[in-house]
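What follows is a short report on a single structure.
On a predicted model such as this, the values are computed, not experimentally measured, just so you know. Each chain gets a letter, A, B and so on, in the order the sequences are listed, and its residues count up from 1.
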Protein chains: 2
Amino acid sequence: MPMVTTTKDTGPVREHLKSLGLTKYEALVYIALLRAESASATKIHEISGVPRASVYPVLDKLIKKGLVSVSNTTPKQFDAVPPDEGLKHLLLQIERDAEAAKKELVAIYQSREDHEERKQEMIWTLAGRENIENRISDMLANAASSVIIFGARDLITPRILDLIAQVPGTVAVDIATDGTFAPGALPPNVRVRDIENLIQAGLLQGEQMAGVFIADRERLLLRLNGDDISPSALYSESPAFLQLFLNYWNHITTSLLT
Amino acid sequence: MPMVTTTKDTGPVREHLKSLGLTKYEALVYIALLRAESASATKIHEISGVPRASVYPVLDKLIKKGLVSVSNTTPKQFDAVPPDEGLKHLLLQIERDAEAAKKELVAIYQSREDHEERKQEMIWTLAGRENIENRISDMLANAASSVIIFGARDLITPRILDLIAQVPGTVAVDIATDGTFAPGALPPNVRVRDIENLIQAGLLQGEQMAGVFIADRERLLLRLNGDDISPSALYSESPAFLQLFLNYWNHITTSLLT
DNA sequence: TAAATGTTGTTACGATAAAGACGACAGGTA
DNA sequence: TACCTGTCGTCTTTATCGTAACAACATTTA
């Protein structure tokens, strides 16, 4: 009974499996086998919707990847390796590759000629919410003496809040924003200033969503377009550029004193 | 000076980066940027050998992946994110995907109808040295009461030896082989028998490289063609099939008593 | 038993999508 | 003027997707 089911609900899983190096067909066949518990090629074809002729080469690849095993009966029966076991080894292989790649790339990176002069004065653009938060993450994680953050409350997302909480106690963290934080969410080395009255006084206007992150007074990230679908940010280690915002910061703190 | 270097030594790195989802060009451009420290598109083209026109879209993708940042100067300058940082986030994303996929797939796997009868009697084929060792790994890691291993000494590779050493002390491990082990390499719950004299007596012949791994007397892996380029193995939970080798095992142990 | 029917494993070939490769061109810089 | 940058369009190549056909074998039916 050729009951060919269409490519149904298997929505996000396929995308996730693609990250692990599986093709569309490989994902479909593997999922079908997880459902079926030892099936023939034809049955796999019926469940997965993958053309019957394509099932065989796809199964070969899955076998080589250690996700599927074959019986020695005739006709052959195929069975999925349990997903926790199969994915574990798949991921392990990727992690090994990543480790090897990192090793070689770091070697290249460190042996390059350092012409930092130019680079120091450069202002760089970052794209994508994820990448921006990653950069902030690295700034906070590597901060040795001080961290300064100011801007709209929305900028300090739960993830960033979490990163702040993990900054060592020896690092002075200064935050100036217009909102509040849950009590006890921040360690004692973090000082929060409320700039709401400054905003109302017209001293801080413009890009509502812009925000500034400064680490050790030498690394700066300027976040823009926070409400856009693809936000962007500027990053710089330029002393001149930094000084601009450090002055800005001085302005804020002294204004708050009055 | 158009000094277009050919796709040179960057041998294995590219393969490793492919595991992380990078294409050939992406890998070449990223490596070039690691060498160059903030270069223009043309310079990247010269170093990497990637066609100049192709460099731009490739850089876009690398930027989206958080591996490259752009200056706001004109002409644009590009710079590589340090590899340890960049690869970390890349791998993190993959691990998140793997975790999500595992969750969904395990759900599917557990909700499938259990028709174990047929499967129990089945004998499965595994392909590839890596996959075979992975299966052995899982057998040893999940063994609850007993482990039996017999066959040529070559089968017990350093990795397997390591796995044996990690088996909990409550599990009785029996090994029969024709070679020796470094003193202290094995914990006290492992008992080793020497079958060399049995081999010389002609009681154990045939496939020199075949070996048997049995866990809890209910899971069996039969390794074949150990010297072949792509070795294979049989796996089974069939009681009948298992009994065959348990008898074999009895034969060995009793023969050694005389 | 013999013919009819169905299934399996394999091969071949076309369609589509992605990556790789090349040339051309408007605009800006030196 | 000469050069470089950024962009576009096109072409080739490769991998994946998808369809069709076929020999070998097994099963059913007459």
Side-chain angles (χ1 to χ4, degrees), chain A residues 1-7 10 14-15 17-33 36 38-65 68 70-79 122 125 127, chain B residues 1-7 10 14-15 17-33 36 38-65 68 70-79 122 125 127:
Chain A
M1 52 197 83
M3 190 264 309
V4 177
T5 49
T6 56
T7 307
T10 57
R14 289 224 316 267
E15 283 307 309
L17 288 176
K18 217 182 275 180
S19 293
L20 297 173
L22 298 206
T23 67
K24 186 174 156 192
Y25 277 6
E26 287 168 3
L28 286 172
V29 166
Y30 184 57
I31 292 172
L33 268 178
S38 90
S40 68
T42 303
K43 195 171 176 188
I44 293 170
H45 148 68
E46 288 167 2
I47 298 175
S48 65
V50 171
R52 197 179 62 87
S54 302
V55 160
Y56 293 94
V58 168
L59 280 169
D60 285 342
K61 283 204 276 181
L62 286 175
I63 289 166
K64 290 214 181 80
K65 293 184 183 184
V68 166
V70 214
S71 79
N72 60 345
T73 60
T74 156
K76 293 177 185 171
Q77 291 285 109
F78 301 90
D79 189 35
M122 213 68 86
T125 305
Chain B
M1 54 199 80
M3 189 266 306
V4 178
T5 48
T6 55
T7 307
T10 56
R14 289 224 314 269
E15 283 307 311
L17 287 176
K18 218 182 273 182
S19 293
L20 298 173
L22 298 205
T23 68
K24 186 176 157 191
Y25 276 7
E26 287 169 2
L28 287 172
V29 166
Y30 184 58
I31 292 171
L33 268 177
S38 90
S40 68
T42 302
K43 195 171 176 188
I44 292 171
H45 148 68
E46 288 167 1
I47 299 174
S48 65
V50 172
R52 198 179 61 86
S54 301
V55 160
Y56 294 93
V58 169
L59 280 169
D60 285 343
K61 283 203 277 183
L62 286 174
I63 289 166
K64 290 215 182 78
K65 293 185 182 182
V68 166
V70 213
S71 79
N72 59 345
T73 60
T74 156
K76 292 178 185 173
Q77 290 285 109
F78 301 90
D79 190 35
M122 213 69 85
T125 305

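Side-chain contact between B:I44 and B:V50: absent, with no pair of heavy atoms (C-beta onward) separated by less than 4.5 Å. Side-chain contact between B:S40 and B:K76: absent, with no pair of heavy atoms (C-beta onward) separated by less than 4.5 Å.
Per the geometry, CG belonging to B:L28 stands 9 Å off P belonging to C:dA21, to the nearest Å. Distance CG (B:N72) to P (D:dG6): 13 Å, rounded to an integer number of Å. B:R14 places its CZ atom 15 Å from the P atom of C:dA19, with the value rounded to the nearest Å. In this structure, A:I44 atom CD1 and C:dT8 atom P are separated by 11 Å, rounded to whole Å. At whole-Å resolution of the value, CZ in A:F78 and C1' in C:dT7 are 14 Å apart. The CD1 atom of B:I63 sits 13 Å away from the C1' atom of D:dG6 (whole-angstrom rounding).
Legend: residues meeting side chain to side chain contact (heavy atoms under 4.5 Å, CB included) with B:K64, ordered by chain and number and at least two apart, are absent.
Of the inter-residue distances, the one linking A:T125 atom OG1 with B:D79 atom CG reads 12.0 Å to the nearest 0.5 angstrom. With values rounded to the nearest 0.5 angstrom, B:E15 atom CD is found 11.5 Å from B:L20 atom CG.
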Inset, instruction - Summarise how protein sits on nucleotides 14-25 of chain D as a single string, 5' to 3': B when a protein heavy atom is under 4.0 Å from the base, S for sugar-phosphate-only contact, - for no contact. - result: --SSBBBB----

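For B:S40, the listed nucleotide lying nearest its side chain is D:dT5; candidates were D:dT5, D:dG6, C:dT8.
The phosphate of C:dG9 has OP1 or OP2 within less than 4.0 Å of a side-chain N or O from A:Y56.
Across all strands, A:T74 comes closer than 4.0 Å to no nucleic acid atom at all (heavy-atom distances).
The two atoms that bring B:F78 and B:L33 nearest to each other are O-CD2, 3.4 Å, heavy atoms only.
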